[in-house]
Enquirer: 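This is the structure I have questions about; it appears just below.
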Amino acid sequence: MKLAYSCAGEGFGHVSRLSVLLPHLEARHEVGLFLPASVVEFLAAKVGPRPSTRIPGLHFEHRGDRIRWGASFRAMLPVLVAFPLMVWRLARQLRRQSYQAVVSDYEPHLAWAGWLAGLPILQINHPGVLTRVRVRGAWLGVVGSRLLEGPWSERILVSFFHGDVGPLLRPALKARAARAGSELLVHLKTSYRARALAVLRAVPGLRYRVFPSPVENFDEALLDCAGVVSPAGHQVLAEALALGKPVLALPQIGQPEQTLNAQQLVATGRGHSGSLETFETDLRRFLASLDTLASAPVVGRFRFEDGTPELLTRLEAFLERRVAG
């Protein structure tokens with residue numbers, strides 16, 4: 001079958017899922033990629049260069065660990081104004097190039113284009129869990145999540161909590177067993193890296209590796225670290241939990257999905273939630289708890305196993321029902 005696949009360009013959880021699924025899909029189908037520029041380099045690093053149709057991406061503006069909603073809306077405004085014309089053009093391309101189905105990971109342009117072209121649409125994402133789990137004051141995030149998903153024929157939520165399938169683990173993280181090292185993996189956004197590094201440097205004897213990095217290997221660092229300090233994006237949390245790594249999550253303020261992810265992390269018993277404002281105290285508490293967190297029994301119903309086989313089975317069943325059938 002001929003599939004059109006798009007993913008969101010904000011963060012790397014969406015394109016990480018694509019990097020896991022793409023080799024499997026290409027073995028059975030013809031796949032056309034529709035990608036924001038921000039994820040092309042990441043995908044090429046994981047699976048090699050692929051041709052793709054460029055689509056606009058929607059991105060947030062940050063100040064420290066806060067999302068600047070006013071500035072974000074102003075930055076997105078040109079994309080929103082051009083949205084109907086872009087959808088029309090993509091729908092024409094889908095029809096002209098004889099695509100048979102659309103797969104979207106939290107990317108509304110191609111989802112609406114698929115709807116306009118009359119194609120079946122499979123929506124695969126994590127942020128949709130906001131529609132299943134109540135988070136106080138997150139109604140705006142729920143509305144935003146639905147808008148960013150666009151229309152779908154079927155939806156599969158990928159999550160270590162309240163998902164239809166478990167998180168997708170990248171092959172590099174399954175190539176060998178994880179080891180309990182002595183360094184922290186520290187993943188920091190540019191908007192607050194300097195401030196967080198000042199706290200880390202003040203801890204005597206603390207060893208850590210900082211990402212993103214142009215020279216360090218993230219996957220090896222994750223496999224061998226003692227624990228993870230990171231924003232509360234789902235993919236990083238899920239990978240760390242699957243490898244048995246304790247996590248100190250620093251959810252972005254104003255991002256309901258990350259607030260929920262951090263809450264669920266704490267509920268597993270394998271991590272803490274903190275903030276940039278209290279980072280020094282949070283870090284010392286986390287360091288003192290590393291051994292306890294690493295050996296804590298998981299409470300509640302969580303899914304840490306690789307969800308890739310189950311998702312592929314469900315995807316093929318969708319295509320069989322909606323296209324071949």
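Side-chain atoms are counted along with the backbone in the values below, which use heavy atoms only and exclude waters and symmetry mates. Computed from a predicted model, the values in this text were never measured in an experiment.
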Enquirer: Using the rule that Ile, Leu, Val, Met, Phe, Trp and Tyr join whenever any side-chain heavy atoms are under 4.5 Å apart, tell me whether L58 and L110 fall into a single cluster.
Expert: no

Enquirer: Between R50 and E26 (salt bridge meaning N to carboxylate O under 4.0 Å), is one present in this structure?
Expert: yes

Enquirer: What heavy-atom pair brings F83 and P108 nearest, and what distance separates the two atoms?
Expert: CZ-O, 3.9 Å

Enquirer: With a 4.0 Å cut-off, would you call D65 and K189 a salt bridge?
Expert: no

Enquirer: Does a side-chain heavy-atom distance below 4.5 Å link L250 with L276?
Expert: no

Enquirer: Do the non-hydrogen side-chain atoms of V103 and I124 ever get within less than 4.5 Å of each other?
Expert: yes

Enquirer: Show your working on side chain to side chain donor-acceptor pair (under 3.5 Å) between S289 and R284 and close with a plain yes or no.
Expert: CA-CA 9 Å; S289 305; R284 292 185 182 278; over 6 Å; no

Enquirer: Taking the six-membered ring for Trp, is the centroid-to-centroid distance between H109 and F34 below 6.0 Å?
Expert: no

Enquirer: Do K174 and D306 come close enough that some side-chain heavy atom pair is under 4.5 Å?
Expert: yes

Enquirer: Look only at the side chain of S72 and the backbone of F60, and say whether a donor-acceptor pair between them is shorter than 3.5 Å.
Expert: no

Enquirer: For V47 and S19, work out which heavy atoms get closest and say how close.
Expert: CG1-O, 3.4 Å

Enquirer: Decide, yes or no, whether a salt bridge links E154 with R322 under the criterion of side-chain N to carboxylate O below 4.0 Å.
Expert: yes

Enquirer: Measuring from F318:CZ to T313:OG1, what's the distance to the nearest 0.5 Å?
Expert: 15.0 Å

Enquirer: So F160 and F302, would you call those rings parallel, tilted or perpendicular, with 30° and 60° as cut-offs?
Expert: tilted

Enquirer: Any idea which heavy atoms bring A240 and V247 closest together, and the distance?
Expert: CB-CG2, 3.5 Å

Enquirer: I'd like to know if the side chain of S153 and the backbone of I121 have a donor-acceptor N/O pair within less than 3.5 Å.
Expert: yes

Enquirer: Do other residues, nucleotides or ligands put more than 12 heavy atoms under 6.0 Å from Q97 CD?
Expert: yes

Enquirer: A side-chain contact here means heavy atoms from C-beta on lying under 4.5 Å apart; do R303 and E310 qualify?
Expert: yes

Enquirer: Name the orientation class of the two ring planes belonging to H126 and F161 (parallel below 30°, tilted from 30 to 60°, perpendicular beyond 60°).
Expert: perpendicular

Enquirer: Grab the two heavy atoms, one from H272 and one from F286, that are nearest each other, plus how far apart they are.
Expert: ND1-CA, 3.9 Å

Enquirer: Just wondering, do D219 and R170 contact through their side chains at under 4.5 Å, heavy atoms?
Expert: yes

Enquirer: Taking the side chain as every heavy atom from C-beta outward, state whether L315 and L25 have any atom pair closer than 4.5 Å.
Expert: yes

Enquirer: Report whether Y106 and F12 are members of the same hydrophobic cluster (ILVMFWY, side-chain heavy atoms less than 4.5 Å apart, transitive linking).
Expert: no

Enquirer: Supply the atom-to-atom distance Y99 OH to L119 CG, rounded to the nearest 0.5 angstrom.
Expert: 11.0 Å

Enquirer: Report yes if some heavy atom in the side chain of R209 is under 4.5 Å from a heavy atom in the side chain of V186; otherwise report no.
Expert: no

Enquirer: With ring centroids as reference points, do H14 and F42 lie under 6.0 angstrom apart?
Expert: no

Enquirer: Enter the distance from Q258:CD to Q263:CD here, rounded to the nearest 0.5 Å.
Expert: 12.0 Å

Enquirer: Roughly how far, to the nearest 0.5 Å, is CD of E107 from CD of E10?
Expert: 13.0 Å

Enquirer: For C7 and L18, which heavy atoms make the closest approach, and how far apart are they?
Expert: SG-CD2, 4.2 Å

Enquirer: Side-chain contact test, heavy atoms from C-beta onward, threshold under 4.5 Å: evaluate it for L122 versus W152 and give yes or no.
Expert: no

Enquirer: Would you say R96 has more than 12 foreign heavy atoms packed within less than 6.0 Å of its CZ?
Expert: yes

Enquirer: Using 4.0 Å as the upper bound for N to carboxylate O, is an ion pair formed by E277 and R195?
Expert: yes

